[in-house]
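First the structure, in the form of structure tokens, and then the observations on it.
In what follows, residues are counted from 1 in the order of the sequence shown.
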Amino acid sequence: MERAPVNFRAFLLIATAVVGAVFCAYMYAVNAVAGIILGVLLIAALAIATVVVAFLFVKKRVKLRVAAACGLAFVLGLSAFAFGAAQARKWRDGLDMGGYRYVSGRVCAVDTSTGGYRLYLEKLRLDGARADGVMCVKLNADDENYGEFVACGDTVSFPSYVIAGKLVDGYSVDGTAYRTDTRYYAAVRADELKIDFGEPNATERFLSALKTLYIDNMGDRYGNIAFSMVSGDKHTLATDVKEYYSAAGLGHIMAVSGLHIGFMAMLLDFLLKKLGKRIRFSIILCVLVAYAALADFSPSVVRAVIMTVVAMSSLFVGGRRDILSSLLCALSLILAVKPFYLFEVGFLLSFGAIFGIAVFGNSIARFFVRHGAHRKVAQSVGAAASVSIGITPAEIYFFNALPVLTVLVNIAVIPYVAVVFIAIVCMTVVAAMGLGGALAACKYMLIPLDMIAQGMAAAPLVSVTVFSTAAVFLSYPIMFCASEFFMMPKGKLAVIAYSAAACVALCAVGAPRVDNTLTVVPNAETTSIVCIDGKAYVVGYMGDEYAVRGALKKLRRKRVDGMYLLDADDGAAERIIELSRTFDIGTVYCMSAENGVRLIENGIDFRLYDGSGAFSVEYDGGAVLGYSYNDVLFAADNANERAFSAYGHVRVRSVENAPKGVIYYCNYGANGHIGVYTTASGIYTVEL
């Protein structure tokens, strides 16, 4: 006889305690005294509750599962707060390592996705002293070809101005930096970079060989797509590919997640079905753990492995699978060790997707079955729709996008993705035995998927831009109230309607937009976004379109009110036209008429600069120095640095002989000058 699953309320108690401890650790990162007080109060409350419940259990007044839940809530809550506080303190201590340093470290990754080179260094030494974490090093755009000589396993050393990243900046947690442990940023020129060639480790050799196998047999484009699908490594996947897969709602297939773990477990279970349950379980577990190691134990993969283990373990204890309990179990175990994952986009998307399936999947499937749909079709529709519901809060908060057609795309495409993924994995084994041509068929399977992604990304209303605050995550408990886990037999429609209205209201709570600011956009060009009197202007050169788009979304802008360009060559014109597909663009000013007709033909108001508007042109001896606003100069490339002393702030590509008393916002550092800030750590905003 099948046993009932453990009541999920016990797991909910544990997860609530752990999440509470994470927020105490977060408060410690913001304010150490407040965090310690809150943490001590929470842990003391959990300890008292555990003692009281243990006493009642001895007296046989409560059940074992209640006592066990209270004990685990105390242990995991204490672990989450202790790990969180310790990690926050280490990040805070690392701020002292910033400044002009001599850097050395081992290359653990090379990122070429943006067209340039970024090196990621581990085993860091700054001025000879050991430093925790990873450093992101950006090569000067003029020296990017030099990056071809650097590979994983090499040791590099160079002098540079080091920027120490913050785990919590104000009240915002840098979840991506936390996941990758990237704590430092620097920029370097080729003539300052010393390389000591080394050997990659076993994992790096395997991944390098796998990528080479795919590229050799599938070409650069589809080889990198296949490699990203299998390994989750997107360091060599072109930015435009990532962008249109994400815009089409298919970005999740490029990151190893529960989808991939499910495909892998399904394939292994099919291949090993003649073996006994225990042997099959052991083999699958070992393979999944090894696969998670190749994916660098990303939170979505760890979550999927834990849930798979819990689900398969139910076969041995005679219980039925309880997805919500296993989800809460995975949540508690992961946050007990890595507390700040709670603020990381991949973690939230992964858990949001499974949460959606847990609370809405069966209900939606039953609805379609009652209306005549085939059971398998109904389950697919229910899973895709519930995933879309579950990830919507995270999509809105992190990407400012409300997916409209994502559910339709996933319903149609995910079954095909499963076939493609399994085919790539199987053909990889065949190709590794010398039959590389077997992967060619997979290339032709990827082509339709790639075309669908491009087509959907270009479709109108594939997503709607929405800006919201962290309040949008309050939608999750409201969603739970609207699910079958919570509702009473009567009033279901009313509860669903009120819950949906509450979620819409939370999504509509928009954060105030920053104003009177200069935002430095991280790309090879000196591109800036200036927000003045409620309007946003792009000033300088129109560089990386994706970086500009990301900066505008981060600034919560749907419109570019004007562009003041120092150049409008073919590349800039193409990027402006592409940007106009997703953002309203006002007047584009430039001091040359190059490509002006082309912009006008594409519906963009282009004008030669006539001295009007918020920005004025500055000259030095008859040569254009750049645009200016108040005491800020947006300098042209190769501008005369001696003229910078007349301004308080200068946005410039790089500066060699920086006049004193001026603050510089550069793409690359300059001899450790104390007034130089660079985009090595990514986008940043300063008040004007």
What I'd like to find out is whether the side chain of Phe227 reaches to under 4.5 Å of the side chain of Met218, using heavy atoms alone. no
To check you understand the geometry: which heavy-atom pair defines the closest contact between Ala226 and Leu446, and what is its length? CB-CD1, 4.0 Å
Over all atoms of both residues, closest heavy-atom pair of Ala551 and Ile529: CB-CD1, 3.6 Å
One should read off an interatomic distance between Thr519 OG1 and Arg651 CZ, to the nearest 0.5 angstrom, of 10.5 Å
Any side-chain heavy atom of Ile447 within less than 4.5 Å of one from Met451? yes
Who pairs with Thr212 by side-chain contact (heavy atoms from CB on, under 4.5 Å), at least two apart in sequence or on another chain? Ser208, Asp216
Looking at Asn201, is its backbone amide N or carbonyl O close enough to the side chain of Glu204 to form a donor-acceptor pair, meaning the two atoms are under 3.5 Å apart? yes
Residue pairs passing the salt bridge (charged side-chain N to carboxylate O under 4.0 Å, His left out) test where at least one lies in residues 123-133, sequence neighbours excluded: Arg101-Asp127
Quick one: sort the Phe644 and Tyr664 rings into parallel, tilted or perpendicular, breaks at 30° and 60°. tilted
So Trp91 and Tyr178, would you call those rings parallel, tilted or perpendicular, with 30° and 60° as cut-offs? tilted
Apply salt bridge (charged side-chain N to carboxylate O under 4.0 Å, His left out) to Glu545 and list each qualifying residue two or more places apart in sequence or on a separate chain. Arg549
Which residues pass the side-chain contact (heavy atoms from CB on, under 4.5 Å) test with Leu95, not counting sequence neighbours? Ala164, Lys166
My understanding is that only residues two or more places apart in sequence, or in another chain, count here; which of them pass side chain to side chain donor-acceptor pair (under 3.5 Å) with Thr517? none
Flag the pair Phe634 / Tyr564 as yes when their ring centroid distance falls below 6.0 Å, and as no otherwise. no
Could you pull out the closest heavy-atom pair between Ala536 and Arg557, with the gap in Å? CB-CD, 4.0 Å
Separation between CE (Met135) and OH (Tyr185), nearest 0.5 Å, reads 10.5 Å
Just so I know, are the side chains of Leu565 and Phe606 near enough to count as touching, which here means a heavy-atom distance under 4.5 Å? no
Side chains of Asp174 and Phe340 in contact at under 4.5 Å (non-hydrogen atoms): no
Tell me, with the steps shown, if Val241 and Arg221 meet side chain to side chain contact (heavy atoms under 4.5 Å, CB included). CA-CA 9 Å; Val241 176; Arg221 180 184 186 84; 4.1 Å; yes
Other residues, nucleotides, ligands: >12 heavy atoms within 6.0 Å of Asp533 CG: no
Sorted by chain and residue number, the salt bridge (charged side-chain N to carboxylate O under 4.0 Å, His left out) partners of Asp154 (sequence neighbours excluded) come out as none
In the structure I gave you, are the side-chain heavy atoms of Phe158 and Val137 within less than 4.5 Å of one another anywhere? yes
Could you tell me the separation between the CG atom of Leu633 and the CG atom of Leu625, rounded to the nearest 0.5 Å? 4.5 Å
Taking the side chain as every heavy atom from C-beta outward, state whether Phe583 and Val538 have any pair of such atoms under 4.5 Å apart. no
Kindly write out the residues that satisfy salt bridge (charged side-chain N to carboxylate O under 4.0 Å, His left out) with Asp605, not counting sequence neighbours, or none if the list is empty. Arg607
List the residues meeting side-chain contact (heavy atoms from CB on, under 4.5 Å) with Ala109, not counting sequence neighbours, and say none if there are none. Tyr120, His235
Is the shortest heavy-atom distance from the side chain of Val173 to the side chain of Glu344 under 4.5 Å? no
Does Phe399 form a side chain to side chain contact (heavy atoms under 4.5 Å, CB included) with Leu349? I'd like the steps, not just the answer. CA-CA 11 Å; Phe399 305 117; Leu349 286 172; 3.9 Å; yes
Nearest heavy-atom neighbours spanning Gly534 and Asp561: O-OD2, 4.5 Å
Heavy-atom nearest pair, Val134 first then Cys108, reads CG1-SG, 4.5 Å
Enter the distance from Ile604:CD1 to Asp584:CG here, rounded to the nearest 0.5 Å. 11.0 Å
When you compare the side chain of Lys558 with that of Leu552, does any pair of heavy atoms fall below 4.5 Å? no
Salt bridge (charged side-chain N to carboxylate O under 4.0 Å, His left out) partners for Asp569, two or more places apart: none
Set of residues satisfying side chain to side chain donor-acceptor pair (under 3.5 Å) with respect to Asp93, sequence neighbours excluded: none
Cation over ring, Arg575 on Tyr541, under 6.0 Å and within 45°? no
Would you indicate whether Tyr171, at its atom OH, is surrounded by more than 12 heavy atoms from other residues, nucleotides or ligands within a distance under 6.0 Å? no
Report the distance from atom CE of Met542 to atom CG of Asp567, rounding to the nearest 0.5 Å. 12.5 Å
Show, in sequence, the C-alpha distance, side-chain angles and deciding distance for Tyr627 and Val617, and conclude whether the side chain to side chain contact (heavy atoms under 4.5 Å, CB included) test is met. CA-CA 5 Å; Tyr627 290 104; Val617 176; 3.6 Å; yes
Between Tyr537 and Tyr629, does the ring centroid distance fall short of 6.0 Å? no
Starting at OG of Ser157, measure out to CD1 of Ile195 and round the result to the nearest 0.5 Å. 9.5 Å
For Val168 and Ala29, which heavy atoms make the closest approach, and how far apart are they? CG2-CB, 3.6 Å
With sequence neighbours excluded, residues passing side-chain contact (heavy atoms from CB on, under 4.5 Å) with Ala573: Asn595, Arg598, Leu599
Restricting to pairs with a member in residues 620-635, which pass salt bridge (charged side-chain N to carboxylate O under 4.0 Å, His left out), not counting sequence neighbours? none
Checking side chain to side chain contact (heavy atoms under 4.5 Å, CB included) for the pair Tyr26/Phe343: CA distance, chi angles, key distance, verdict? CA-CA 10 Å; Tyr26 165 76; Phe343 306 94; 4.0 Å; yes
